[in-house]
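Chain naming here is simple, since letters A, B, ... match the order of the sequence lines and numbering starts at 1 in each. Since we're looking at a predicted model, the values are computed, not measured.
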There are 2 protein chains.
Amino acid sequence: MSTAASPLRPRKQPVQDRSRLTVDAIHVATIQVLAREGIARCTTTRVAERAGVSVGTLYQYYAQREAMLAAALERHMKRISGAVEEACATWHGKTLEEMVTGLVHAFLAAKFENAEESRSLYAVAETYGGNQQMEQARLRIRGCLAAMLASARDVRIADIDTAVSFFHIALMAPARARLVGELKEMPETMFEENVVRLLLGYLRALPQD
Amino acid sequence: MSTAASPLRPRKQPVQDRSRLTVDAIHVATIQVLAREGIARCTTTRVAERAGVSVGTLYQYYAQREAMLAAALERHMKRISGAVEEACATWHGKTLEEMVTGLVHAFLAAKFENAEESRSLYAVAETYGGNQQMEQARLRIRGCLAAMLASARDVRIADIDTAVSFFHIALMAPARARLVGELKEMPETMFEENVVRLLLGYLRALPQD
DNA sequence: TCAGAACCTGAAGGTTTCTTCATATATCAT
DNA sequence: ATGATATATGAAGAAACCTTCAGGTTCTGA
């Protein structure tokens, strides 16, 4: 379980409070610059300036610009995976409807708690979406979902793997659409209601066994 | 209906065959460089080299790098919108199940006909997703979908606008997931079948009137 | 208190990229 | 055939970027 020395991995872990603050500031600044300037202009210089530190300092923690971006994405993913994991545990063994309702609520809450962060990081995920960190996070989420769905009290799904794949996609996609501004005019209640409908409709249309 | 002089719009239209070939070559090269190098390294120099023309030539048709990328995206979107439009017309007035089955098949065929192009352009759409061209294409597709769904012989959906929003999202998302490699192990038939299930499940879970 | 570790700074070298323009060639209409 | 138009070329200036490193400051433990 060692932290492999990849150029995409953080270079040095902060040990004093001072540097912990620095790393936090860099993370916040990364999101802000990403949101205001776009990924192409999210440079080490700009982020450092926004964070109120020198470029040199930034490079002490991230060997390259990419590592800085990847770190921001990873921090976000951990938050979301955690929320999903927790929700899956909470609703384990319940009804399909209870599960979906509860999970959707928890997921959307986590995703929209910091909407700007979520939105900005899509561009980063686009670029680093194929790397191991991302793949691992995806697998972790899929694992939770599979365990939960398999434990449904009222329904026994035949092909869990396929179900989880589509469930996952249909859970993420509406959130993304809303975050990038496609559904902003829709009231939040109606939005959430329809996400539930989409997922539940799919699951119920699935062959049982 | 004039072509506004924006730096993102093509600079000059080709009039001779010679230049038409050039513009085509640039389009193809853009996709290739995008696929092999990523959007950050998809530069005017690289694209021109790949296309077998000089940078100067490229700048004769696109005032900036961004315009070149936007043009590639637009060409793709026109193809897809066209396919959707045609399918919507074909299945107008049919059963909900016929519609969804037919549309999904047509859409996936169009989207996967040139999978590399589709996949590569997600990164571009991420950056230029909010601009007018994109918004217009989205509205056009939504219009077709709305007209088709409203004409369903067997079902009368209460809130078409909401239904179309989610339908649109649930149609695009699985294709995207598969294109970026998330569902590559799933057989094509099963994939398509589940997209239909997702959409049909949603529509049937919708309140009627 | 003091040495060593942790942390910070920012100027500067080396690249890459964007974009233009003066020049040259190809095509078309007459 | 020839002038006008369309198209192509690629060297080069300017700007932005990435990253390092030598030197300075702050903290911590003994």
**Prompt:** Is the closest side-chain donor-acceptor distance between Ser165(B) and Arg142(B) under 3.5 Å?
**Reply:** yes

**Message:** Going by ring-ring contact (aromatic ring centres under 6.0 Å, His included), name the pairs with one or both residues in residues 165-192 of chain A, residues two or more places apart or in two chains.
**Reply:** Phe166(A)-Tyr202(A), Phe166(A)-Phe191(B), Phe191(A)-Phe166(B)

**Message:** Distance check needed: dT9(D) C1' versus Leu58(B) CG, whole Å only.
**Reply:** 13 Å

**Message:** Side chain of Lys12(B) only, heavy atoms from C-beta on: which candidate in dC18(C), dT7(D), dC18(D) is closest?
**Reply:** dT7(D)

**Message:** When you measure from the side-chain N and O atoms of Ser19(A) to the phosphate of dA6(C), is any distance below 4.0 Å, counting only OP1 and OP2?
**Reply:** no

**Request:** Check the distance between dT28(D)'s P and Arg20(A)'s CZ and give it to me in whole angstrom.
**Result:** 10 Å

**Complete:** Looking only at heavy atoms, the pair that brings Val15(A) and Arg20(A) closest together is O-NH2, 3.0 Å

**Message:** Return whichever of Gln64(A) or Val55(B) has its heavy-atom-nearest nucleotide of DNA chain D closer to the 5' end.
**Reply:** Val55(B)

**Prompt:** At what distance, to the nearest 0.5 angstrom, does NE2 of His76(B) lie from CG of Asn114(B)?
**Reply:** 8.5 Å

**Message:** Please pick, from dA6(C), dT19(C), dT9(D), the nucleotide with the shortest atom-to-atom distance to any side-chain atom of Arg18(A).
**Reply:** dA6(C)

**Request:** Give a yes/no answer on whether the side chain of Thr45(B) brings an N or O atom under 4.0 Å of OP1 or OP2 in dT17(C).
**Result:** no

**Asked** Reckon Arg46(B) has a side-chain N or O less than 4.0 Å from the OP1 or OP2 of dT17(C)?
**Response** yes

**Whole-Å gap separating P (dA24(C)) and CD (Gln60(B))** = 16 Å

**Prompt:** Roughly how many Å is it from CD1 in Ile39(A) to C1' in dC17(D), rounded to a whole number?
**Reply:** 15 Å

**Asked** Thr22(A) side chain N/O closer than 4.0 Å to the phosphate oxygens (OP1, OP2) of dC8(C)?
**Response** yes

**Message:** Counting the atoms with a prime plus P, OP1 and OP2 as sugar-phosphate, which does Thr43(A) contact under 4.0 Å by heavy atoms, base, sugar-phosphate, or nothing?
**Reply:** sugar-phosphate

**Request:** Can you tell me the distance, in whole Å, between the CD atom of Glu49(A) and the P atom of dC18(D)?
**Result:** 13 Å

**Message:** Expressed as a whole number of angstroms, how long is the span from Arg41(B):CZ to dC18(D):C1'?
**Reply:** 13 Å

**Asked** Under the salt bridge (charged side-chain N to carboxylate O under 4.0 Å, His left out) criterion, do Glu135(B) and Arg138(B) qualify, and how do the steps go?
**Response** CA-CA 5 Å; Glu135(B) 194 50 38; Arg138(B) 190 180 354 270; 3.3 Å; yes

**Prompt:** Closest to the Val53(B) side chain: dC18(D), dC7(C), dT9(D)?
**Reply:** dT9(D)

**Request:** Can you tell me the distance, in whole Å, between the CD atom of Glu66(B) and the C1' atom of dT19(C)?
**Result:** 13 Å

**Prompt:** Between dC18(D) and Arg65(A), is there an OP1 or OP2 to side-chain N/O distance shorter than 4.0 Å?
**Reply:** yes

**Prompt:** Under the criterion salt bridge (Lys or Arg N to Asp or Glu O under 4.0 Å), which of Arg140(A), Lys78(A), Arg79(A) is the partner of Glu85(A)?
**Reply:** Arg140(A)

**Prompt:** Which residue, Gln13(A) or Cys42(B), contacts DNA chain C at a nucleotide closer to its 5' end, judged by nearest heavy atom?
**Reply:** Gln13(A)

**Asked** For dT9(C), does either OP1 or OP2 sit under 4.0 Å from a side-chain N or O belonging to Thr57(A)?
**Response** yes

**Asked** So which one's nearest nucleotide on DNA chain D is more toward 5', Gln16(A) or Asp17(B)?
**Response** Asp17(B)

**Prompt:** Would one find a side-chain N or O of Ser54(A) under 4.0 angstrom from OP1 or OP2 of dT9(C)?
**Reply:** yes

**Asked** OP1 or OP2 of dA8(D) less than 4.0 angstrom from a side-chain nitrogen or oxygen of Tyr61(B), does that happen here?
**Response** yes

**Request:** Nearest whole angstrom, please: distance from the P of dA26(C) to the CG of Leu21(B).
**Result:** 16 Å

**Prompt:** Among dT19(D), dC7(C), dT9(C), which is the nearest nucleotide to the side chain of Tyr59(A)?
**Reply:** dT19(D)

